[in-house]
Structure formats: structure tokens, C-alpha cells
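The structure appears below as C-alpha cells.
Every value quoted in this text rests on a predicted model; they were computed, and no experiment measured them.
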Amino acid sequence: MGSAYSSERPRTIGIVAGGLGGAVVAVWNFMTPLTGVTGTFGAGLVIASSILIVIAGLWIQITRPGGLRLVLRILVALGALGTAAAGYFLHEWWLIVAMVVVALGLIYDLRAGRSLRKSEVMA
């Protein structure tokens with residue numbers, strides 16, 4: 001039987017998938033000529049932020065409930081907002097879609113953790 005901090009349930013799959021999608025879109029735009037952001041510092045920064053979102057999502061999955069997980073969730077939310085804002089300013093709409101996936105994954109993770117704690121209390 002899993003617990004709220006168990007890695008048995010893939011609670012953060014949306015965060016990781018959205019981060020990976022954002023990284024792929026950012027790499028594509030960084031490498032492809034005539035995208036308007038080819039080789040720019042901003043596109044490189046978006047690649048880094050997307051990869052950091054993936055790492056944070058994986059770390060949330062394996063950490064126990066508590067302060068570290070809360071800090072990681074806050075950082076993921078701020079990272080998704082900042083990366084979506086960069087996507088808006090760079091006119092990269094697919095990047096915004098990827099960050100919406102991250103936000104939905106974060107909401108799912110929060111709700112899944114809460115329902116697990118309720119079931120543990122009732123058991």
C-alpha cells in the first residue's frame with residue numbers, strides 16, 4: 001500500500017511531461033533557423049528552466065511530505081509562470097501550452113497528495 005510520499009503512484013507525471021515538452025519546444029526554437037529566437041540567451045534560459053522543472057517534478061515524487069516538497073512545488077509554480085511569460089514574450093505558444101500542462105500536473109499532484117492523506121487518516 002502506498003503512502004503520500006511513496007514513489008509508487010506517478011503523481012508528478014504531468015509536471016515532468018510538461019517540463020519535457022517545454023524543453024523540446026525550447027530546443028527546437030533555439031536550434032531551428034528563422035524562428036526569431038535562434039541562438040538567443042532567452043531561448044537558452046527557457047531550456048534551462050524547463051529542465052529544472054523536470055528535475056523538481058522528479059524530486060517532488062521521491063521526497064516525503066513536508067517543507068522541502070512545499071518549497072519544490074512553489075518553485076515549480078514560479079518556474080512555470082516565468083517560463084510561460086517568456087513564451088508569451090518570445091511568441092512561442094506551444095511553450096505556453098507546455099507550461100499549462102505543468103500547472104495542471106501540479107494541481108493533480110496537490111489533489112492526489114491530499115486524497116492520500118485523507119485515506120490514511122480514515123484507515
Side-chain angles (χ1 to χ4, degrees):
M1 190 80 167
S3 66
Y5 58 87
S6 171
S7 61
E8 295 173 8
R9 292 186 59 196
R11 298 179 330 270
T12 60
I13 194 163
I15 296 171
V16 173
L20 285 174
V24 168
V25 169
V27 167
W28 172 265
N29 290 321
F30 186 81
M31 302 294 282
T32 305
L34 302 177
T35 59
V37 296
T38 306
T40 61
F41 176 75
L45 193 60
V46 169
I47 293 169
S49 68
S50 297
I51 291 171
L52 288 174
I53 288 171
V54 171
I55 292 169
L58 294 173
W59 210 354
I60 290 170
Q61 180 69 39
I62 61 173
T63 57
R64 294 175 178 261
L68 177 61
R69 186 182 281 183
L70 176 65
V71 168
L72 288 170
R73 285 173 172 163
I74 291 170
L75 291 175
V76 165
L78 292 174
L81 284 174
T83 305
Y88 175 76
F89 291 121
L90 297 173
H91 300 279
E92 302 298 340
W93 312 118
W94 286 111
L95 185 60
I96 295 172
V97 171
M99 292 305 113
V100 168
V101 171
V102 169
L104 292 174
L106 187 60
I107 292 168
Y108 175 75
D109 175 49
L110 290 169
R111 292 187 57 87
R114 182 174 294 161
S115 66
L116 278 173
R117 274 183 255 130
K118 278 185 181 177
S119 65
E120 286 178 356
V121 169
M122 295 184 79

In short, V102 meets A80 closest at the heavy-atom pair CG1-CB, 3.9 Å
Would you call W93 and H91 a side-chain contact if the rule is heavy atoms closer than 4.5 Å? yes
Please name the pair of heavy atoms, one in A98 and one in G22, separated by the smallest distance, quoted to 0.1 Å. CB-N, 3.5 Å
Of T12, L52, I60, V54, the one forming a side chain to side chain contact (heavy atoms under 4.5 Å, CB included) with V76 is I60
What about V37 and I47, same hydrophobic cluster or not, with Ile/Leu/Val/Met/Phe/Trp/Tyr joined at side-chain heavy-atom distances under 4.5 Å? no
Here the gap from L106 atom CG to R111 atom CZ, rounded to the nearest 0.5 Å, amounts to 13.0 Å
Ignoring hydrogens, what is the shortest heavy-atom contact between L72 and A56? Give both atom names and the distance. CD2-CB, 4.4 Å
Do the side chain of D109 and the main chain of G105 share a donor and acceptor less than 3.5 angstrom apart? no
Minimum-distance pair of heavy atoms, taken over all atoms of S50 and M99: OG-CE, 4.2 Å
Minimum side-chain heavy-atom gap R64-R69 below 4.5 Å: no
Hey, quick one: are V27 and I55 part of the same hydrophobic cluster, counting side-chain heavy atoms closer than 4.5 Å, chains of contacts allowed? yes
Nearest 0.5 angstrom please: T63 OG1 to L58 CG, how far? 11.0 Å
Distance from I53 atom CD1 to I15 atom CD1, nearest 0.5 Å? 9.0 Å
Value rounded to 0.5 Å, distance of OG1 in T35 from CZ in F30: 10.0 Å
Hydrophobic cluster membership, Y108 vs I62, 4.5 Å side-chain cutoff: no
Would you kindly confirm whether F89 and I96 end up in one hydrophobic cluster when ILVMFWY residues are joined by side chain heavy atoms under 4.5 Å apart? yes
Any link between V46 and W94 through a network of hydrophobic side chains (Ile, Leu, Val, Met, Phe, Trp, Tyr) touching at under 4.5 Å? yes
